[in-house]
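Report on the following structure.
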Amino acid sequence: MQATITETEQEQESQIHLWSCADYHQMIEAGVLDEDDRVELLEGKIVCMSPQRPFHAASVQLSSRLLFKLLGARAEIRIQLPVTLGNDSEPEPDIAVVRFENHEYSFRHPEVSDIYLLIEVADWTISKDRKQKARIYGKHQVLEYWILDLQKRQVYIFRQPEDGSYREELILNSDATATMQAFPDVAIALDALFAIAQN
């Protein structure tokens with residue numbers, strides 16, 4: 001019985017169509033997907049993005065505002081916009097700190113060589129962000145990846161991508177201060193990244 005289940009699972013897996021970034025862009029150009037479809041391409045699969053509660057949205061806004069204040073003349077701060085990772089992933093991280101580009105990324109999305117830091121703000125998506133997103137970002141050599149865990153008010157910091165994952169993972173409480181690898185001279189008070197919690 002177990003062998004039959006395994007064969008069925010393998011057959012179902014083989015029937016899943018994996019999309020490339022080029023396929024994904026064609027669907028957008030053709031109007032199959034539009035801006036009302038809250039989706040992202042992850043490892044060849046078109047995945048629905050979680051809805052945002054006010055606390056999540058406020059934390060994204062606060063974090064982006066702080067990073068712009070600290071890095072405004074040194075990096076572009078993009079909010080919930082795509083980045084292209086290889087041929088099969090185009091996630092839309094909550095915040096991306098990227099290099100300035102002459103054409104403001106009018107003709108392409110930022111790629112790995114452009115990315116200083118990606119941040120996901122996790123309300124109920126912490127497991128997905130720690131596993132799937134960390135795997136994707138590590139596999140594609142994203143320099144640094146942070147997760148803001150809104151439930152525990154902690155920040156997960158992933159650094160040193162290697163062999164499809166990150167060699168270093170730090171977990172800091174919100175009362176700590178951290179720096180980015182790309183800008184080690186800039187101290188970031190982590191508490192300022194979180195919206196004020198309801199009592």
Side-chain angles (χ1 to χ4, degrees), residues 21-22 24-25 28-29 33-42 47 49-50 52 56-123 125 129 132-150 155-161 166 168 170 172 174 177-195:
C21 287
Y24 188 60
H25 294 166
I28 295 170
E29 291 294 329
L33 297 172
D34 61 31
E35 59 189 16
D36 293 328
D37 295 306
R38 285 189 48 78
V39 295
E40 57 188 346
L41 183 68
L42 302 178
V47 179
M49 297 169 65
S50 300
Q52 296 183 46
H56 178 282
S59 294
V60 172
Q61 187 68 27
L62 282 171
S63 298
S64 60
R65 188 182 299 149
L66 176 65
L67 289 169
F68 180 79
K69 180 180 178 181
L70 295 174
L71 300 171
R74 302 170 71 180
E76 186 88 37
I77 311 300
R78 292 166 59 93
I79 304 173
Q80 296 171 341
L81 296 173
V83 296
T84 301
L85 303 179
N87 188 48
D88 67 352
S89 292
E90 197 162 278
E92 298 188 16
D94 287 309
I95 300 169
V97 181
V98 301
R99 299 179 191 276
F100 286 112
E101 202 266 344
N102 290 339
H103 302 288
E104 300 287 339
Y105 296 103
S106 297
F107 306 108
R108 65 178 180 86
H109 298 308
E111 300 168 354
V112 170
S113 60
D114 303 304
I115 298 169
Y116 296 122
L117 170 69
L118 297 182
I119 299 177
E120 298 286 1
V121 177
D123 196 342
T125 60
D129 291 332
Q132 184 181 28
K133 288 289 184 73
R135 181 180 69 247
I136 292 169
Y137 296 158
K139 178 176 73 174
H140 290 287
Q141 299 288 304
V142 171
L143 179 66
E144 188 165 2
Y145 168 45
W146 292 11
I147 305 171
L148 308 187
D149 183 345
L150 300 184
V155 178
Y156 295 81
I157 296 178
F158 297 84
R159 292 174 174 155
Q160 300 181 35
Y166 286 92
E168 181 180 346
L170 306 173
L172 302 178
S174 61
T177 299
T179 60
M180 296 169 49
Q181 283 192 308
F183 303 104
D185 57 315
V186 178
I188 301 171
L190 299 182
D191 192 54
L193 302 177
F194 293 87

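- With contacts defined as side-chain heavy-atom distances shorter than 4.5 Å, the pair L85/I115 qualifies.
- Under the 4.5 Å side-chain criterion, counting only non-hydrogen atoms from C-beta, M180 is not in contact with V186.
- The number of heavy atoms from other shown groups lying within 6.0 Å of CZ (F68) does not exceed 12.
- Here the closest heavy-atom approach between residue R38 and residue S50 is recorded as NH2-O, 3.4 Å.
- Closest approach of V112 to H140, counting heavy atoms only: CG2-O, 3.1 Å.
- The salt bridge (Lys or Arg N to Asp or Glu O under 4.0 Å) test applied to R74 returns D185, not counting sequence neighbours.
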Output, in order, the C-alpha distance, side-chain angles, deciding distance and verdict of side-chain contact (heavy atoms from CB on, under 4.5 Å) for V97 and W146.
-> CA-CA 11 Å; V97 181; W146 292 11; over 6 Å; no

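- Rounded to the nearest 0.5 Å, atoms CG (L62) and CZ (F194) are 11.0 Å apart.
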When you look at D114 and R108, which way does the salt bridge (charged side-chain N to carboxylate O under 4.0 Å, His left out) test go after all the steps?
-> CA-CA 11 Å; D114 303 304; R108 65 178 180 86; 2.7 Å; yes

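- For the pair D129 (side chain) and I147 (backbone), a donor-acceptor distance under 3.5 Å is absent.
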Can you list the steps and then say if L67 with I188 is a side-chain contact (heavy atoms from CB on, under 4.5 Å)?
-> CA-CA 8 Å; L67 289 169; I188 301 171; 3.9 Å; yes

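- Pairing each heavy atom of E120 with each of P93, the nearest pair is OE2-CA, 3.4 Å.
- Note that the OG atom of S113 and the CG atom of L143 stand 11.5 Å from one another [nearest 0.5 Å].
- Side-chain atoms of E111 and T84 form no donor-acceptor pair, as typed in the model, at a separation below 3.5 Å.
- No donor-acceptor pair under 3.5 Å is formed between the side chain of Q52 and the backbone N or O of H56.
- Residues I119 and L193 fail the side-chain proximity criterion, which asks for heavy atoms closer than 4.5 Å.
- Once rounded to the nearest 0.5 Å, the distance linking CG of L117 with CZ of R159 reads 9.0 Å.
- Taking CD1 of I95 as the reference point, atom CG of L66 lies at 9.0 Å (rounded to 0.5 Å).
- Of the possible polar contacts, none joining the Q160 side chain to the E168 backbone as a donor-acceptor pair under 3.5 Å is found.
- Rounding to the nearest 0.5 Å gives a distance of 8.0 Å between CG of D94 and CG of L148.
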Could you walk me through whether S59 and L150 pass side-chain contact (heavy atoms from CB on, under 4.5 Å), step by step?
-> CA-CA 8 Å; S59 294; L150 300 184; 3.5 Å; yes

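- Residues E144 and Y166 have side chains not in contact (no heavy-atom distance under 4.5 Å, counting atoms from C-beta outward).
- Remark: aromatic rings of Y137 and F158 are distant, center separation not under 6.0 Å.
- Within the 4.5 Å cutoff, no side-chain heavy atoms of H109 are placed close to those of E92.
- Across all their heavy atoms, G72 and F100 have their closest contact at O-CZ, 3.3 Å.
- Here the closest heavy-atom approach between residue G138 and residue P161 is recorded as O-CB, 3.8 Å.
- Under the 3.5 Å distance criterion, the side-chain polar atoms of E101 are matched with a main-chain donor or acceptor of H103.
- Nearest heavy-atom pair, P91 versus K133, reported as atom, atom and distance to 0.1 Å: CB-CE, 4.5 Å.
- Atom CG of D88 and atom CD1 of I136 lie 7.5 Å apart (nearest 0.5 Å).
- Using modelled atom types, no side-chain atom of Y116 and backbone atom of E76 make a donor-acceptor pair closer than 3.5 Å.
- Annotation: salt bridge (Lys or Arg N to Asp or Glu O under 4.0 Å) contacts of R135 (sequence neighbours excluded): E43.
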